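Remember, it's a predicted structure, so these values are computed and weren't measured experimentally.
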Amino acid sequence: MSKENLVLRLNRVSCKGCGICVAFCPTKVLKIVEDNKCKIIDLEKCIKCGQCELRCPDYAIYLEEGTDGK
Amino acid sequence: MSDRSQLVDKYFRVDNLPHIWCPGCSHGIVTRALTKAIDELDLDPDKIVIVSGIGCSSRAAGYLNFNTLHTTHGRAIAYATGIKLANPELHVIVITGDGDASAIGGNHLIHACRRNIDLTVMIFNNNIYGMTGGQYSPTTPHTALGTTAPYGNIDRPFDLVRLVEGAGATYIARGTAYHTLQLTGYMKKAIAHKGLSVVEAISSCPTYYGRKNRIGDAVGMMQWMKDTFVEKRAYDRLDEEKRIGKVPFGEFVNIQAPEYTAVLAEITKRVEGRL
Ligand SMILES: Cc1ncc(C[n+]2csc(CCOP(=O)(O)OP(=O)(O)O)c2C)c(N)n1
Ligand code: SF4
C-alpha cells in the first residue's frame, strides 16, 4: 500500500490522553490539548510512519486509506 | 465508515471498547500487536482459541473476537492444555500476566514447557500485580517499590526467559511494547512454532509500577523501555560495564523437539493397533 493513499485518523472518543503518540511522533504532528485528549495540530507534517498507531494503547489513532484527511 | 482501524474492527469485540485499562497501560499495545501477528499469519480466526487467567493483562481475552476463555488465576495453561489435547488442530494462545504465569501459575508454566505441548504463551510482564493494586510479583526487580514492598523488594526476580529455557520451552523471545514491530515478529514466529513457545512481552503499569518507582507516567514508561531494552545482537557486543542497567530483547531459543500431542497421538495409534 503506498503511503500517498493513507490519511491519519483520530477518534477522540477513544483517546484517554496518555500522550504516548505525542511523545514519539517524529515530526510533532500531535498535541494534548485542554480537554486532556490528543489533537492533530499539524497534519501537513505527517509522514505516515504509523508510529502513533503502533503504540496507541486505546486504538484511537491510525492510518487509513483515504484522501480527505479528516 | 467505522471510527476504528480495519485491524481493530476485524479482530476486536468493538462493542466492548473502550477497554478498562488505565491511560497509557501498555497491555493495549501488546494486545494489538498480537492481532497484527495473527493477521499477518492469515490464520482462520475460528481455529484460534485465546485462553487467559486473571489480572489486568488477562482481561485482553474479553476484547478479542476469537474463541476465548477467561479462566481462573494462574490456571490458564492448564485449561489450554486440555483444549489442545481435545483438539490439536486449534491454535491455542495463552494470555497471562507475570503474576498469573510465574507466581500462582508457575508450576503450570514450567511443566507445560517440560512437555513441549504446542501452546503459545504470551506473558504480559509489567513487573507488578496491576489488578490488585501494585503488590510485588516474581518479576519485580530487587529493591523496586511495590505496595507490599514499601521499603524496596527484598526478593530477587525471575528472568522469565531463562526460567522457561531451563524448563524446556522450544521457542522463546522477549519483546517490548515500545519495540512494537519486533514484538509482532516474535509473536508471529511463536504462533507458527510447533511446540511450547513463550513470548515475554515487556508491558507497563504506569498507575502502580511507574508511579511508585518514579519511572514516570505512560510516556516515561515507554521511554524507560526504549532506554533499557537493547536488541540481543547489539547487547552481546556491549562491554561488560555498558551492559549494566540494560536488558536484551530478541529471540533466545528456536529449536525443534517432539511435541506432546503428536507423541500422544502416535502412542495412541500404536496401542490401539494392538487391541
Ligand atoms: C486464587 C486467586 N488468588 C488471588 C487472586 C487475586 N489476584 C487477582 S489478579 C492478581 C495478580 C495479577 O497480576 P498479573 O498476573 O501480573 O497481571 P496484571 O494485573 O499486572 O496485568 C491477583 C493476585 C485471585 N483472583 N485468585
Ligand atoms: S492497574 Fe496497571 S496493569 Fe492494570 S490497567 Fe492500570 S496500568 Fe494497566
Interface moiety of A:Gln51 toward chain B, non-hydrogen atoms closer than 4.5 Å: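 No part of A:Gln51 comes within 4.5 Å of chain B.
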Between the side chains of B:Asp3 and A:Arg9, is the shortest nitrogen-to-carboxylate-oxygen separation below 4.0 Å, so that they form an ion pair? no
Between B:Glu251 and B:Lys232, does at least one N-O distance fall below 4.0 Å, as a salt bridge requires?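 So B:Glu251 does not pair with B:Lys232 through a salt bridge.
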In terms of ring plane angle, is the pair B:Phe229 and B:Trp224 parallel, tilted or perpendicular, where the classes change at 30° and 60°?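 Taking B:Trp224 first and then B:Phe229, their aromatic rings stand perpendicular (interplane angle over 60°).
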Is the closest side-chain heavy-atom distance between B:Ile93 and B:Ile38 below 4.5 Å?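 Counting from C-beta outward, B:Ile93 and B:Ile38 do come under 4.5 Å.
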Could you go through B:Leu34 and B:Ile191, starting from their C-alpha distance and side-chain angles, then the distance that decides it, and tell me whether this counts as side-chain contact (heavy atoms from CB on, under 4.5 Å)? CA-CA 10 Å; B:Leu34 173 62; B:Ile191 295 167; 4.0 Å; yes
Of all heavy-atom pairs linking B:Arg174 and B:Asp159, the shortest is NH2-OD1, 3.0 Å
Under 4.5 Å from any heavy atom of chain A, what part of [X] do you find: side chain, backbone, both or neither?
X: B:Leu17; answer: side chain
X: B:Ser5; answer: both
X: B:Lys36; answer: neither
X: B:Gln6; answer: neither
X: B:Tyr178; answer: both

Take B:Val8 and B:Tyr63 through the side-chain contact (heavy atoms from CB on, under 4.5 Å) test and state the conclusion after the steps. CA-CA 10 Å; B:Val8 172; B:Tyr63 300 116; over 6 Å; no
Is it possible for you to check whether B:Arg4 lies under 6.0 Å from the centre of the six-membered ring of A:Tyr62, through NZ or CZ, and within 45° of that ring's axis?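 Output no; distance or angle outside limits.
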Taking every non-hydrogen pair under 4.5 Å, which of B:Val30, B:Thr184, B:Thr180, B:Leu181 racks up the most with chain A? B:Thr180
Ring centres under 6.0 Å, that's the criterion: do B:Phe66 and B:Tyr11 meet it? yes
For chain B, which residues of residues 11-19 of chain A have at least one non-hydrogen atom nearer than 4.5 Å to it?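 Within residues 11-19 of chain A, the residues under 4.5 Å from chain B are A:Asn11, A:Ser14, A:Lys16, A:Cys18, A:Gly19.
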